[in-house]
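Please read the structure below before turning to the comments.
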Amino acid sequence: MVTPREHFGSKMGFVLAAAGSAVGIGNLVAFPVAATKSGGGAFLLLYTLFVFFVCLPVMMAELAMGRKSEKDPVGAYRQLSGGSRAWRIPGWLALITPFMIAVFYLVVTVWVFGYLIEILSGNLTRLTDAAFFKEFINTKAVFVYLAVIMLIINGVLAMGVKDGIERTAKALMPLLFIMLLGLVLFVLTRDNAILGLKFYLIPDFAKLNAEVVSKAMAQAFFSLSLGMGVMITYGSYMKRQNSISGSARAVALTDTMVAFIAGLLILPSIFYFNPTVDLSALSDSSVGMIFLFLPKIFLSLQASIGYVGASIVAAGFFFLVLVAAITSLISIIEVPLATLQDERGVSRKKAIYTVAVIQFILASACAVSFGMVDWFTQFVWLAGSEKSFFDLVEIVFYDTILPLNGLLVCLFVIYKWRRVNLDDELSLGDGGFSGSLSQKYLNFSLGTFIPAILLLIFLNTVALKFFGSSFI
Ligand code: PHE
């Protein structure tokens with residue numbers, strides 16, 4: 001007997017779970033850093049345009065594929081393509097990509113968790129020592145933290161879609177919003193906050209070049225959890241009476257708001273720390289920002305609120321990032337679980353154990369590639385420099401295959417599954433969709449310029465990351 005597919009209990013439940021997936025380290029750290037370095041308000045404007053005019057249609061297409069087929073990505077491609085052999089490949093890519101992105105994302109999340117524990121143990125000062133990070137990521141404690149994080153995530157997943165994923169999102173997302181707003185209000189009342197705001201918000205269009213445009217696009221795509229099978233899988237748990245376009249809009253809006261608000265937190269903090277800071281010297285990477293720069297900023301708060309106060313604010317921030325990362329990881333690990341259940345008929349429990357064991361091993365391989373094990377640290381020679389296993393996973397799956405997956409989704413829904421079927425699915429639970437401007441836009445954009453943009457990003461990444469020269 002086939003058990004009926006589990007569904008999210010309500011539209012709100014779906015929106016919170018999908019927003020939980022979308023809101024992650026990308027929003028809280030990568031976006032503010034990118035915006036600051038690449039034109040402030042101008043970057044924000046560009047990013048918002050990409051979210052709503054390029055990414056939102058792809059999100060709707062992924063959700064429609066999932067809901068129509070009620071399957072994981074592999075099953076969705078198989079079923080909607082009528083069993084085509086060639087279209088199996090994107091299905092597998094949409095399974096392997098989240099699996100591997102989860103692996104490197106887990107490692108960063110584990111570091112965030114470790115830093116939170118250090119702060120709670122009264123060690124904020126230690127974290128500001130430049131050598132500490134390198135030392136910390138090479139301690140054995142990392143494996144213990146990895147086991148704890150995986151236990152939490154898999155514990156939630158074991159409870160299922162409605163009682164696990166949805167209930168957790170309903171509890172954690174409001175907490176995340178409240179904490180974020182609390183921190184922002186605190187930071188905005190510090191000295192020099194206004195300097196940071198100016199830097200963040202005043203648009204500098206001169207900074208917008210091809211590279212920035214491509215960065216904004218990639219950032220928006222990753223932030224909305226696209227190209228990783230997540231929205232196909234979550235779509236498969238959506239009820240038919242709920243509007244896909246309405247829900248997707250709510251998710252995109254929430255995600256963009258959180259990214260925007262995170263900038264109101266980070267930039268004023270930097271200027272409080274040092275009003276004459278040279279922002280061009282800031283690290284481009286989220287990792288550099290979280291682990292090397294932000295602890296210093298938090299420690300500087302001790303002048304006004306004391307060491308304990310500064311530690312509380314720092315702990316609040318690291319906890320916030322941890323919560324956001326955990327809800328993202330839950331969504332991404334759900335993809336291989338759904339595949340094992342749907343495609344192999346494996347029980348949920350067995351799927352969880354299988355995926356957890358493999359991910360623990362691969363995440364450990366990433367964790368030791370910062371000096372602990374030479375073979376993983378100097379894993380490959382790529383585009384003129386040595387890359388670790390961690391770097392390789394990030395380059396192959398996050399930088400390269402993600403836009404390729406997005407491109408394949410667009411081509412698939414328009415040219416293989418066909419527009420009418422996409423329209424029919426999107427019209428369910430959404431009486432106004434058929435004939436609307438949104439429908440016309442979707443039909444046109446998904447078949448033309450959106451795949452063209454994604455193709456350009458894909459080709460440029462291949463040129464840059466594998467051959468060392470970009471053409472954009
Ligand atoms: N949207 C997440 C972020 O912005 C990215 C992500 C989603 C990562 C799902 C892992 C899993 O950080």
Side-chain angles (χ1 to χ4, degrees), residues 15-35 47 50-51 55-56 58-59 62-63 73 94-112 149-150 152-154 156-157 165 168-169 172-173 176 180 215-235 248 251-263 266 285-287 289-290 320-338 355 359 362-363 366 390 393-394 397-399 401-403 405-406:
V15 170
L16 287 177
S21 171
V23 173
I25 301 174
N27 304 62
L28 296 177
V29 188
F31 174 82
V33 176
Y47 178 86
F50 277 140
V51 166
C55 296
L56 189 59
V58 180
M59 187 191 280
E62 288 198 15
L63 290 171
L95 165 69
I96 300 166
T97 311
F99 195 92
M100 294 308 290
I101 288 184
V103 165
F104 89 79
Y105 207 81
L106 260 173
V107 175
V108 181
T109 307
V110 161
W111 297 339
V112 171
I149 294 288
M150 289 192 72
I152 296 173
I153 292 167
N154 286 298
V156 170
L157 288 166
I165 300 178
T168 307
L172 291 185
M173 292 311 283
L176 188 142
L180 181 63
K215 189 155 102 184
M217 174 60 206
Q219 168 70 24
F221 200 76
F222 177 69
S223 189
L224 290 180
S225 303
L226 300 176
M228 31 180 131
V230 168
M231 292 300 163
I232 300 181
T233 309
Y234 272 19
V251 174
L253 195 66
T254 311
D255 188 64
T256 310
M257 288 297 291
V258 172
F260 172 71
I261 295 173
I266 304 238
S285 77
S286 305
V287 167
M289 185 74 183
I290 304 177
L320 179 74
V321 177
L322 183 68
V323 167
I326 285 181
T327 49
S328 293
L329 281 167
I330 288 174
S331 73
I332 205 162
I333 297 180
E334 176 62 22
V335 180
L337 297 185
V355 171
Q359 274 181 341
L362 289 171
C366 279
F390 179 96
V393 172
E394 184 174 358
F397 293 97
Y398 164 67
D399 289 324
I401 303 195
L402 214 60
N405 287 344

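In what follows, every heavy atom counts, from backbone to side chain, and hydrogens, waters and symmetry copies are set aside. In each ligand, atom 1 is the first atom listed, and ligand 1 is the first ligand listed. All of these numbers come straight from a predicted model, not from anything done at the bench.
Between Leu224 and ligand 1, no N or O atom pair is found at a separation short of 3.5 Å. Close N/O approach between Phe222 and ligand 1 is found [any backbone or side-chain N/O within under 3.5 Å]. The shortest N/O to N/O separation between Tyr105 and ligand 1 falls below 3.5 Å. Of the N or O atoms in Asn27, one or more lie within a sub-3.5 Å distance of an N or O in ligand 1. For ligand 1, the polar-atom distance check finds no N/O of Val230 at less than 3.5 Å from any of the ligand's N/O atoms.
By the 4.5 Å heavy-atom criterion applied to side chains, Thr327 and Leu16 are not counted as neighbours. Between Leu329 and Ile332, the closest side-chain pair of non-hydrogen atoms falls below 4.5 Å. Residues Ile290 and Ile25 have side chains in contact (heavy-atom distance under 4.5 Å, counting atoms from C-beta outward).
Of all atoms in ligand 1, listed by their number and element, those nearer than 4.0 Å to a heavy atom of Gly24 are 3 (C), 4 (O), 12 (O). Within the listing of ligand 1, atoms 1 (N), 2 (C), 3 (C), 4 (O) sit less than 4.0 angstrom from a heavy atom of Ala22.
A donor-acceptor distance shorter than 3.5 angstrom exists from the side chain of Ser328 to the backbone of Ala324, with no hydrogens or angles considered. In this structure, Glu62 contributes its side chain and Gly227 its backbone to a donor-acceptor pair below 3.5 Å.
The shortest heavy-atom contact between Met100 and Val393 is O-CG1, 3.5 Å.
Using bins of under 30°, 30° to 60° and over 60° for the plane-to-plane angle, the ring pair Phe390/Trp111 lands in the parallel bin.
Protein heavy atom at the shortest distance from atom 10 (C) of ligand 1 is Ile332 CD1, 3.6 Å. Of the protein's non-hydrogen atoms, the one nearest atom 7 (C) of ligand 1 is Ser225 OG, 3.2 Å.
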